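The model shown is predicted, which means the values in this text are computed figures rather than measured ones. We use all heavy atoms of the structure for the numbers below, so side chains are in, but hydrogens, waters and symmetry mates are not. Below, read A as the first sequence line, B as the second, and so on, with proteins coming before strands; counting in each chain starts at 1.
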2 protein chains.
Amino acid sequence: MAAGYSARMTPTSAPFDDLDRKIVTALMANARTSFAEIGAAVGLSATAVKRRVDRMRETGVITGFSATVEPAALGWRTEAYVEVYCEGAAPPRRLAEVMRNHPEITAAMTVTGGADALLHVRARDVEHFEEVLERIRVEPFIRKTISYMVLSHLLPESPEAGASQPAPEA
Amino acid sequence: MAAGYSARMTPTSAPFDDLDRKIVTALMANARTSFAEIGAAVGLSATAVKRRVDRMRETGVITGFSATVEPAALGWRTEAYVEVYCEGAAPPRRLAEVMRNHPEITAAMTVTGGADALLHVRARDVEHFEEVLERIRVEPFIRKTISYMVLSHLLPESPEAGASQPAPEA
DNA sequence: CATGAAATAACATGGGT
DNA sequence: ACCCATGTTATTTCATG
């Protein structure tokens, strides 16, 4: 049951009520909270909470559980966003392939505006970042890059803090 | 015990060996893995693993455990990066204060380049995003914004995938 | 609800300084 | 001899059918 995503996870596919929302919020705050404790908070039995969590994993609402780590503590002290400009029409498939070759690229996406892609890059230090950049620049299709080094964070780096809010749902 | 960070978490403060690295890697892959299972994988007893995890939480290496969620499933279908330009000298403290007022801002940082800050924003849809943008624009200090809407992701949105690698450590 | 597994605390041991 | 990290055991809580 590797990375089993449900075929359908459109907004209205699986019923997603306030209890689910509260359960997700609790698990985003602490993924190791016991089902019993969550149940006590939302008014369900531990078993009922487990059933809902299992269902949300199956439907792809919850994609996993992860420890959040201070990157600097692991030796990643440099962070940057990199705009990538490609030669001619940039084939997204080939572009994605290139991105997978560089473990320092933690996120890559196509965006509006002039750039063909925007990358998030983590490196040990400025020297390492420069080396990564040179490695990216010699890839086929890549014409030029523009880097924005992150100087300091204005908000705590909580994992998807914003998306953990009550959830809008139109 | 709100946000209790240890006084010292400089790179060399707490010994951080290969076992710690393996434990962190395991917990990033699945934050609900039992200490016993991790122990079996790294060659330690469950108790020893727990002690190391507790220590890493105290020293700030591990900042928490979080469920990873598909934002679209929670109703957040629009994502953008926003460059912020301020009037005159932008005071980072006041800027941070402003950022906290908008829950849709999931990350905010100062960066090199012309912009005073770079924001990551999640919204329900384009209409909602426009509303957020207007709300940000009328804040004091804010002179103008430039938005880059995310079109599609080229890599799976794993939580800090890159930083989970073996860890460089100079 | 019942059973096996996990978390956690208390206590004991061995290595290294 | 001390300190630190680990292992062992026992108890409570949890996961899960």
Student: Determine yes or no for a side-chain-to-main-chain donor-acceptor pair under 3.5 angstrom, with Ser152(A) supplying the side chain and Thr110(B) the backbone.
Tutor: no
Student: Can you check the Phe65(B) CZ to dA6(C) P distance for me, whole Å?
Tutor: 16 Å
Student: Out of dT8(D), dA7(C), dT16(D), which nucleotide sits closest to the side chain of Ser34(B)?
Tutor: dA7(C)
Student: Write down the distance between CZ (Arg52(B)) and C1' (dT8(C)), rounded to a whole number of angstrom.
Tutor: 18 Å
Student: How close or far is atom C1' of dA7(C) from atom CG of Leu44(B), stated in whole angstroms?
Tutor: 16 Å
Student: For residues Tyr81(B) and Glu83(B), is any side-chain donor paired with an opposing acceptor at under 3.5 Å?
Tutor: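 Result is no, nothing qualifies.
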Student: For the pair made of CD1 in Ile38(A) and P in dA15(D), what is the distance, rounded to whole Å?
Tutor: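 To the nearest whole Å, that distance equals 8 Å.
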Student: How long is the line joining CG of Asp54(A) and P of dA15(D), in whole Å?
Tutor: 11 Å
Student: Which comes earlier along DNA chain D counting from the 5' end, the contact point of Ala46(B) or that of Glu37(A), where each point is its nearest nucleotide?
Tutor: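 Final value for this comparison: Ala46(B).
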Student: Between Thr47(A) and Arg32(A), which residue's closest nucleotide on DNA chain C lies nearer the 5′ terminus?
Tutor: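 Closer to the 5' end of DNA chain C: Thr47(A).
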Student: Using the side-chain heavy atoms of Phe35(B), tell me which of these nucleotides is nearest: dT8(C), dT6(D), dA6(C).
Tutor: dT8(C)
Student: Between Lys50(B) (NZ) and dC14(D) (C1'), how many Å, whole number?
Tutor: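 Atom NZ in Lys50(B) sits about 15 Å away from atom C1' in dC14(D).
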Student: Atom CG of Asn30(B) and atom P of dA6(C): how far apart are they, to the nearest Å?
Tutor: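 Computing the Asn30(B):CG to dA6(C):P distance gives 13 Å.
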Student: Rounded to whole Å, how long is the line connecting atom CG of Leu27(A) with atom P of dA15(D)?
Tutor: 10 Å
Student: Atom CZ of residue position Arg94(B) - does it have more than 12 heavy atoms of other residues, nucleotides or ligands inside 6.0 Å?
Tutor: no
Student: How about Arg143(B): does its CZ atom have over 12 heavy atoms from other parts shown lying under 6.0 Å from it?
Tutor: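 Enclosed.
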